[in-house]
Each structure stands twice: as C-alpha cells, then as structure tokens.
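Working notes for the structure below.
Letters A, B, ... mirror the listed sequences (proteins, then strands); counts begin at 1.
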Protein chains: 2
Amino acid sequence: MQPTETLHLRQVEVGGNVPYTVEVGPGVLSRARVEARQIALIHDEAVPQVWIDRLSAALSPALLLTIPVPQGEACKTLEVLAGVLSKLAAANLPRDGAVVGLGGGAATDLAGFAAASYLRGVAFYTAPTTLLGMVDAAVGGKTGVNLPEGKNLVGAFHPPRAVWCDTDTLTTLPPAVFREGAAEAYKHGLISDPSLIDRVLAPDFVPGSATFTDTLADAIAVKAGVVTRDLLEAGERAYLNFGHTLAHALEAVTQHAVPHGDAVGYGMHYAALLSKAQGGEDLTEYTRAFLRWQQPAPLPTLTYDDVQPYMARDKKADAEGVRFVLLHALARPYLTRVPDAVLREQFGVWQVEIWGGGWLGAVDYTP
Amino acid sequence: MQPTETLHLRQVEVGGNVPYTVEVGPGVLSRARVEARQIALIHDEAVPQVWIDRLSAALSPALLLTIPVPQGEACKTLEVLAGVLSKLAAANLPRDGAVVGLGGGAATDLAGFAAASYLRGVAFYTAPTTLLGMVDAAVGGKTGVNLPEGKNLVGAFHPPRAVWCDTDTLTTLPPAVFREGAAEAYKHGLISDPSLIDRVLAPDFVPGSATFTDTLADAIAVKAGVVTRDLLEAGERAYLNFGHTLAHALEAVTQHAVPHGDAVGYGMHYAALLSKAQGGEDLTEYTRAFLRWQQPAPLPTLTYDDVQPYMARDKKADAEGVRFVLLHALARPYLTRVPDAVLREQFGVWQVEIWGGGWLGAVDYTP
C-alpha cells in the first residue's frame, strides 16, 4: 500500500467536564503542543528511538526529564510507580508542569496514574504507539496499575488534555502486536458500529493505507462517544468491557503471558456464547472469524475453577456478584448477572472450541 | 472539669460537589452510619482498643475486614499503601463497598488515598482520633502519602462521605500530642477567626469541658468554610498553609522526628516574622505565645541551606519559585513570593530566637 494519505488527519472530540481532542494520522507527534513550561516524558523501553526523538523535538525546550519504564504489564506495578514518582519529585516537576506518556497502553496507564497522583494531580498528555493503546487506553481517563491480586485494581480517573495517535508509530509494531490491538476495534464494531466488523478484517486495515486513518478514527470515536456520555462509568461505559471479564481472568491466571488484546479475542467469543445462551442472537461466527484472523497467543489448559475466582474480582462486581456485558444483537449491548451454572456450562463449550476445534487455524498449542 | 456536655453535639457542613457533614462531640463514633454493605476499617496501631471497638460495633455487621497500619508518618508510604490495597483486593471489597479510616491524620490520609485509588475510587468515611486530625486532616478531601523526597507529594482529592470527631477519643491522647494538634486550631485563629486565639490557649481547652466541643467545632468550621469555597485549592485554600512551608521542610530534614503540629508551631513564627518583614502588622507575639504554650519538640541545629531545598519542593511552588502565605494583619492572609534574601535574613532572626532566646521556657534543647 502506498502512503497516499500523508496529510489526511482526523480529530475525534471527547466531551465531559474537561473536553479534549484525539489527533489521528501520520506525523501527529510532530504537532504535539503542551501548555506547560516543564514536562516529564514517560515512555516504555520498547518504543523505537525515532518516535521518542520525534515527540521530544516537539516538546523541547520544556522537556525537563525523560523516564523510561519496562514494556507491557511489567511497568504497571506500584513499585515502578514509586520509582517514577520519586524521579518527578527529585526533578522538582512543579504543580503546573505536565506529564506526557508515550508507548503502549500499559505505559500510558502508568504515566496517567503518575500524573493523577503526583502532587495530587498534574496535567497529563498521552501518545499511544500501539493500536490497542490508541483504540482503548488513550481515551476515557482511566489510569492505573495492577496488584498481585488482579489487573487494574488501583488507579484514578484522570483524563488527558490531548491524545496524539501518530499512525506512523504503528508501522514499527510487530504484526502480532498490531493484530492484538485490533480486538478493541473489532469489539467497538460488535457493541456499537457494525461497519467496523468488516473494515477491521479487510486487507487494507494496514497503517499507511488510504482508508486506515478513517477506520482507526471511527473505532476511537466509538469509545469517545461512550465516555462522553458516561464519564464515571455509571452505565453505558461498562459496555466497553464486552469480552473483558474472562479476558482479565485469563491475563491474571497466566500472569500476563497472554497479551490483553489476545485475551479480549478469547473473551469476546465467551461473551458471544453467553449472549446466545441467554437468548440473544447468535453472533459467535463473528467472534470466531476474529479469532481466526487474530491468531492469538495459545492458552495453557485451564478449568472454570481456575478462572472463576479472578472473574469474581472483576471491577463490575458488587455485593451481589459479577455482571457481564452481553449482546441482544449487533450494537445492542446490555449488562446482566449470569447464573453460575450458565457461566460454567458455556465455559465448557468455549473450552472445547478453543482447544479442540481446529478452526483457529494456524494457532500452535504445543508448548 | 466536669463532662457537663454529654449530649452537646455540633455539626459542621462542608460544601462542594459532594457535600458532607462533620459530627463533633462525645460519643459520635457510636452514631457512625455507612451506606455500604461491605466495609474495610483501616486504623493506626496506636488507637486504643476501646475506640476501635466503639466504631466496629457501630459498623457491624457490614465490617468485612480490619487493617491495622503503623502509627504516624510511618504509615504514609507507598509500601504500606501497597499492603493495604492488596488486603482490600484479597478480601474482594467490591466497588460499592466503603473504606473507613480511624486514627491520627497520617492514618486517615493513608486510608483516604487507599479509598481513592482502590478500583479507581470507593466511598470513604473518616474518624480522626487526634486534635490534629480533627482540625486539619479530616476536612477537605486531601489524601495521600509521602515520598523519600518529601511529604504529601503523592495523593488524590477524595472527600469523605462523613467525618466523625468523637471528642472522647481525645481524652486518651498524650498531652504533648494534644498540644501538637492545637497548632492547626490556633492557625485558624490567625488566618480567619481571631476569637480562637484566646480560646485555644485558655485553661478550659480540654476535652470534656463545657466549651470544648464548640471551640473545636469553630476551629473545624474555618477549614470547612475555606474548602467549601475553594475545593480544588485554586486560591483561598492555600491560606490554610500558613506556617506550613517551613514546617514541611523541618519535618523532612529531621525525617519526621519533629511532629507535624510542632513543626507548624515553629513555621507559624517564621511566617509571622516574614509577614512583618514584608510590611505586615507585627503578629510575632501571638506566635511566640503559642510556642510558649505548646512546648514543641526541640529542633536539631539547622541552617537556612539545610531547609531551603525542601522549601523549594513545596507544592505551592510553580515554575517561578516558592510562594508563602503571609498575613497583612489578623485574619488577612495573602499568597506571595518572598525574595530569597528576605527568606534567609528572617530565617536568621527566627534561628536566634528559637535557639537563643530562652523565651520558650521549659523546652529542653539538650540532646
């Protein structure tokens, strides 16, 4: 594909108490503007130097310090957070300074929580460099870290002042990591904008194609719309968790050996099976098609009893138990409690398909 | 003094986005009511069992777990926070659960930040058991922990749903700890309600006296009024930091060997000297009178250069430097930058008075 869209940029607006803009397209890191005279840049170690340099040049001369953190979930710990906060304090980043996050969704989640808690909150800007980070983590103001007991159990709502999604950064992403992130875009198709279902699986869903910036921006716009209408997750926002209850459990039980987007791929199929079992339309062909395309990382052998305790710890749980996001039909999500017998039975159906069906094609389950 | 006021309770209202009530008087722990079916109680180890039992009985049967934490600043670390958060997660405290803090201001600051960050925020209730905690920490929604680089550098604004100030708990406080806390009440006299100046130093400022609940409630009301008008510390709220810029530096440089209220006693005198040097009324007799009454913990020998780096890290600092809260006159505070030459010169004046004057009476400076 030719990069025919060099100058085609999209802006997605996010509302709420403090509205902000998501800039999408090639080269947007060069256009980054921060309203602060002192800036700390936090990036994950896997970000190629070319993108760190591109953003640093745009932030200069206000760039006070740069803090590298480990790639992926390894950076989302209270220990890494403590180190980052000490560096901000040692550098005397002032209250009117800003924190900028650059990297995958894990690094920007960590950077956002550092910004939320340092001096009880300084301005935050975020530049995701993965598809997952752009479609999911960058919009909505959720920041945080994990605990040994589970994922995302600590954090804050701290919306960014701006989000920069430079599609050039996706060109240096390993293909499996790109496909991982597509899970959230596909999910946005299932819960809200069915046009995305075909567009995400199409051959031109590739950074640099003529259609890529628009498809990406439309996927981001689904989340932007939801969080604009529901900033504190009182209702509709929970729909974004379609597929995530099992996904978070799979991540926790495998100690994050399975990447988030891959776990969401698996989790969406479980949620589609539950939806059907609870009387909804049969959407399982869509979730199968996605898994076939995504080729997620293989899972170890797991039983329902292995994952149930982690699902019970889901943030959507309250004193009465866990709630699932299910689909009546395409773009018709709802939140419901599911009887444990149904959860267990459909886990069995899911399990047989995942390990036994062969329809996942090229996925290799040998250790 | 006879406890003649057994049934005399006061309520102080705090406004803002989510208003709440401070209940003041003997026995209010027995009246504690929490709107949650699962509750975690976090208390500091120094709280006498009788008060833990009194509150636990009021919270039962919703009390899910009780977490003791170290007394004083020792609990305000990211390490202690990590342990508390893990216990909340292991007990599966749900999103609609509540965290209750009981103890000194340090423990309730920690408990509040745990509530603010666990699952990105659960309901918080607080029951201060020290005078300092009642007058200062309990109202205003500031929560957080310290970093090795300085005090209160990490945290969140997370107002409580209710504050219970049971004056009975003050009867078991060591006298020096009671006098420590009086610094904040006296400060509220200097910056806002001069009637408190005499009332705090009067012989009947003793828990159980006929006037105590009213004096305490009036001191709390000063802070409640300020935070109601200025929830996010954009302006007036900074006035509450009168005396605190040097105080925080003294605490940091002595590694918290000097208690907060004692440091505020010292810091208010420095701020009064700065106020006079900058053309304000001479209020130094008031701050001397307070120190004479308080008999703060002795300070090690310190130079301006010892404390200056810590003052430079004050949260009121921005890219242009540190700002001080000074007084034009009683109840007329203002926020200003002070030239370094004046800061250094008045530190010298303060230093000579503190170490050399003898007017502090019984304070023993021998090691």
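- Of all the heavy atoms in Leu85(B) and Leu147(A), the pair that sits closest is O-CD1, 3.6 Å.
- Looking only at heavy-atom pairs under 4.5 Å with chain B, the residue among Ser86(A), Gly121(A), Ala89(A), Gly144(A) that has the most is Ser86(A).
- Contacts between Ala116(B) and chain A at a heavy-atom distance below 4.5 Å involve the backbone alone (N, CA, C, O).
- With a threshold of 4.5 angstrom between heavy atoms, Ala156(A) approaches chain B through N, CA, C or O but not through any side-chain atom.
- Note that the CG atom of Leu153(B) and the CG atom of Asn92(A) stand 9.0 Å from one another [nearest 0.5 Å].
- Closest approach of Ala90(A) to Glu149(B), counting heavy atoms only: N-CG, 4.0 Å.
- Of the atoms belonging to Thr143(B), it is backbone heavy atoms, and not side-chain ones, that fall under 4.5 Å from chain A.
- Put simply, OG on Ser117(A) and CG on Leu81(B) are 9.5 Å apart, with the number rounded to the nearest 0.5 Å.
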